[in-house]
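As the structure is a prediction and not an experimental result, all values here were calculated from the model.
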Amino acid sequence: MRLTLVANEDIVSGDMVAVDPNVAGRCVKARITGTFEQATAIGMAQNTTAAGNTCVITTDGPSNPSVYGGALTPGEEYYVGIAAQIVTYQQLRTTLQNGGYPTAYLAHVGTAASTDQLGIDLEPAVGVIPSDL
């Protein structure tokens, strides 16, 4: 499913987005080192847009193949990363542990179906202690 919301900040195609907890009907980049609301991704941005413009968001199903263009590993699980981009579990673990974050959220996005396309199947964010990952 796709939906369109107004971006409350600049968003790049492929970023995972959340509903802005401070402004109804607006979206922002998902932030796994913020609050639960900030870490709860509603989908993936399908277009690059500036703050104040509309953002098309895929909430489930296949991502737009042009978003990742050969950068995915088929069968690999992907998660919301520090900067709202998708990353593998190992990349996320390394970044969180080396970044000195005391807490964070683990937010599963989906599995790569091919090198170009991600099967978006969002799961609720789960609080974690990075040093225990």
[atom1]-[atom2] distance between [X] and [Y], expressed to the nearest 0.5 angstrom:
X: I82; Y: L96; atom1: CD1; atom2: CG; result: 4.5 Å
X: Q117; Y: S66; atom1: CD; atom2: OG; result: 10.0 Å
X: I42; Y: C27; atom1: CD1; atom2: SG; result: 6.5 Å
X: D20; Y: R26; atom1: CG; atom2: CZ; result: 8.5 Å
X: T40; Y: M16; atom1: OG1; atom2: CE; result: 11.0 Å

Check: Q91/T88 side-chain N/O donor and acceptor closer than 3.5 Å: yes

Criterion side chain to side chain contact (heavy atoms under 4.5 Å, CB included) on T48 and I11, from CA distance to verdict: CA-CA 6 Å; T48 297; I11 294 176; over 6 Å; no

pair [X]-[Y]: side-chain heavy atoms closer than 4.5 Å:
X: Y101; Y: V128; result: no
X: I86; Y: L118; result: yes
X: T58; Y: N64; result: no

Counterpart residues, side-chain contact (heavy atoms from CB on, under 4.5 Å), relative to [X] (two or more places apart):
X: V56; value: R2, T4, Q46, N47
X: S131; value: I129
X: A50; value: D10, N53

Over all atoms of both residues, closest heavy-atom pair of A45 and V17: CB-CG1, 4.2 Å

Heavy-atom pair with the smallest gap, counting every atom of V67 and S13: CG2-OG, 3.4 Å

Side-chain donor or acceptor of T59 paired with backbone N/O of G43 under 3.5 Å: no

Polar side-chain atom of T49 near backbone of C55 as donor-acceptor pair, under 3.5 Å: no

When clusters are formed by joining ILVMFWY residues with side-chain heavy atoms under 4.5 Å apart, either directly or through shared neighbours, do [X] and [Y] land in the same one?
X: I120; Y: L106; result: yes
X: Y78; Y: L122; result: yes
X: V6; Y: M44; result: no
X: L133; Y: V109; result: yes
X: L5; Y: V23; result: no

Residues T94, Y89; criterion side chain to side chain contact (heavy atoms under 4.5 Å, CB included); working and verdict: CA-CA 9 Å; T94 300; Y89 175 80; over 6 Å; no

Residues in side-chain hydrogen bond (donor to acceptor under 3.5 Å, both in side chains) contact with T115, at least two apart in sequence or another chain: none

Residue list, side-chain hydrogen bond (donor to acceptor under 3.5 Å, both in side chains) with E77, at least two apart or on another chain: H108, T111

Would you list the atom pairs, donor with acceptor, under 3.5 Å between side chains in residues 30-39 and any protein atom, with sequence neighbours excluded?
from : atom 1 : to  : atom 2 : distance (Å)
R31  : NH1    : E9  : OE2    : 3.0
R31  : NH1    : K29 : O      : 2.8
R31  : NH2    : E9  : OE1    : 2.8
R31  : NH2    : E9  : OE2    : 3.1
T35  : OG1    : E37 : OE1    : 3.4
T35  : OG1    : Q38 : N      : 3.2
T35  : OG1    : Q38 : OE1    : 3.4
Q38  : OE1    : T35 : N      : 2.7

Salt bridge (Lys or Arg N to Asp or Glu O under 4.0 Å) contacts in which one or both residues fall within residues 108-133, not counting sequence neighbours: none

Of all pairs that satisfy ring pair (Phe, Tyr, Trp, His ring centres under 6.0 Å), the ones with a partner from residues 39-73, not counting sequence neighbours: none

